[in-house]
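Residue numbers begin at 1 in each chain, while the letters A, B, ... track the order of the sequences. Being a predicted model, the structure only gives us computed values, none of them experimental.
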Protein chains: 2
Amino acid sequence: MRKIYTPSSAASDVLEVIQILEGRWKLLILFHLFDGKVQRYSDFEKLIPGISQKMLAQQLRKLEADGIVARKVYPQVPPKVEYRLTDWGQALCPALDALLSWAEQKDHFAPPAS
Amino acid sequence: MRKIYTPSSAASDVLEVIQILEGRWKLLILFHLFDGKVQRYSDFEKLIPGISQKMLAQQLRKLEADGIVARKVYPQVPPKVEYRLTDWGQALCPALDALLSWAEQKDHFAPPAS
DNA sequence: CGGCATCCTTTCCGATACTG
DNA sequence: CAGTATCGGAAAGGATGCCG
């Protein structure tokens with residue numbers, strides 16, 4: 001069940017994962033992108049309660065800079081911008097799934113006192 | 001390949017995952033715990049360059065409070081404290097693996113300009 | 001619609017000193 | 001050995017106003 005980690009390589013990978021996914025919003029944004037129903041800036045605003053415009057734009061830029069998200073601007077008025085996952089971003093899907101099913105398992109390990 | 005997310009349940013799971021794993025240090029700490037060679041406070045200090053005592057103790061406390069890490073104190077002088085993963089913490093292993101292999105795949109999707 | 005710039009508050013985090 | 005307490009700087013994040 002457990003992988004053998006080779007410290008020299010894995011340590012820097014961990015650092016990279018932390019850097020790329022760090023923050024309160026990135027996983028949330030990615031989650032909606034995996035969902036496939038959200039591509040536009042205003043969609044995120046509606047679906048992620050509490051996020052500010054600043055944070056939404058900033059985190060999308062970071063995800064773009066890290067090669068996870070691609071941004072496509074349609075030169076029209078009013079402007080239209082679509083966000084999608086890059087191939088590398090798509091490759092994150094299994095990992096996010098694993099994280100989510102881990103969260104779902106919580107009650108199995110620590111049943112709520114009822 | 002893609003799981004279907006049911007927003008009502010998954011959204012709160014994402015929030016929980018984010019809360020539990022957030023920060024610069026937690027994944028690093030967990031990585032060493034998965035590795036199995038690190039159980040004591042001073043081990044973490046040696047193996048996680050740059051972490052301060054404050055952060056190490058604080059993040060270990062949070063992981064403990066979230067039920068991922070168990071702390072065992074041996075009542076002796078000098079004191080000895082061992083940290084280990086709870087069962088739920090162990091269950092995180094596949095997800096961390098998935099994250100690490102995703103990071104390893106990076107060059108496959110975006111070959112470095114060489 | 002999809003942002004950016006600015007200001008301000010809050011939170012995070014490192015350094016240092018101290019303790020059972 | 002394994003921490004805690006306190007302080008100050010850095011960084012994250014929110015609110016508001018403005019723009020193509």
Inset, instruction - With sequence neighbours excluded, tell me which residues meet salt bridge (charged side-chain N to carboxylate O under 4.0 Å, His left out) with A/Glu64. - result: none

Inset, instruction - Identify the two heavy atoms, one from B/Ala91 and one from A/Gln105, that lie closest to each other, and give their separation to 0.1 Å. - result: CB-OE1, 3.7 Å

Inset, instruction - Could you list the residues that satisfy salt bridge (charged side-chain N to carboxylate O under 4.0 Å, His left out) with A/Glu16, not counting sequence neighbours? - result: B/Lys106

Legend entry - Reported CD-to-CD distance for the pair B/Gln53 and B/Gln58, which is rounded to 0.5 angstrom: 13.0 Å

Legend entry - Pairs where residues 68-90 of chain A contributes a residue and the test salt bridge (charged side-chain N to carboxylate O under 4.0 Å, His left out) is met, not counting sequence neighbours: A/Lys80-A/Glu82

Inset, instruction - Give the intermediate values and the outcome of side chain to side chain contact (heavy atoms under 4.5 Å, CB included) for residues B/Leu27 and A/Leu21. - result: CA-CA 11 Å; B/Leu27 282 180; A/Leu21 300 181; over 6 Å; no

Legend entry - Stretch residues 16-23 of chain A: residues that reach within less than 4.0 Å of DNA chain D through a heavy atom: none

Inset, instruction - Mind grabbing the angle between the end helix axes of the helix from C/dC1-D/dG20 to C/dG20-D/dC1? Five pairs an end, 10° rounding. - result: 60°

Inset, instruction - Provide the full list of side-chain hydrogen bond (donor to acceptor under 3.5 Å, both in side chains) pairs with a residue in residues 38-47 of chain B, sequence neighbours left out, each pair given once. - result: none

Legend entry - Range on DNA chain D touched by chain A - first to last nucleotide, heavy-atom distance under 4.0 Å: D/dG13 to D/dG20

Legend entry - Pairwise 5' ranking along DNA chain C for A/Arg61 and B/Trp25, keeping only the more 5' one: A/Arg61

Inset, instruction - Only counting residues at least two apart or in another chain, list the ones meeting ring-ring contact (aromatic ring centres under 6.0 Å, His included) with A/Trp102. - result: B/Trp88

Inset, instruction - Drop me the distance from B/Gln59's CD to B/Ile29's CD1, to the nearest 0.5 angstrom. - result: 6.0 Å

Legend entry - Rounded distance (nearest 0.5 Å) linking atom CD1 of B/Ile68 with atom CD1 of B/Ile20: 5.0 Å

Legend entry - Beyond-backbone contact of A/Leu56 with A/Trp25, side-chain heavy atoms, under 4.5 angstrom: no

Inset, instruction - Under 4.0 Å from any atom of DNA chain C, heavy atoms only: list the residues of residues 62-84 of chain B that qualify, in numerical order. - result: B/Pro79

Inset, instruction - Using heavy atoms and a sub-4.0 Å distance, could you list which residues of residues 38-57 of chain A are near DNA chain C? By number, please. - result: A/Arg40, A/Tyr41, A/Ser42, A/Gln53, A/Lys54, A/Ala57

Legend entry - Side chain to side chain, A/Leu33 and A/Val38, heavy atoms closer than 4.5 Å: no

Legend entry - Positional range of nucleotides in DNA chain C within the contact set of chain B, heavy-atom, under 4.0 Å: C/dC13 to C/dG20

Inset, instruction - List in chain and number order the residues that pass salt bridge (charged side-chain N to carboxylate O under 4.0 Å, His left out) with B/Lys54, two or more places apart in sequence or in another chain; answer none if no residue qualifies. - result: none

Inset, instruction - Please report the closest heavy-atom contact between B/Ala98 and A/Ala95, naming both atoms and the distance. - result: CB-CA, 3.5 Å

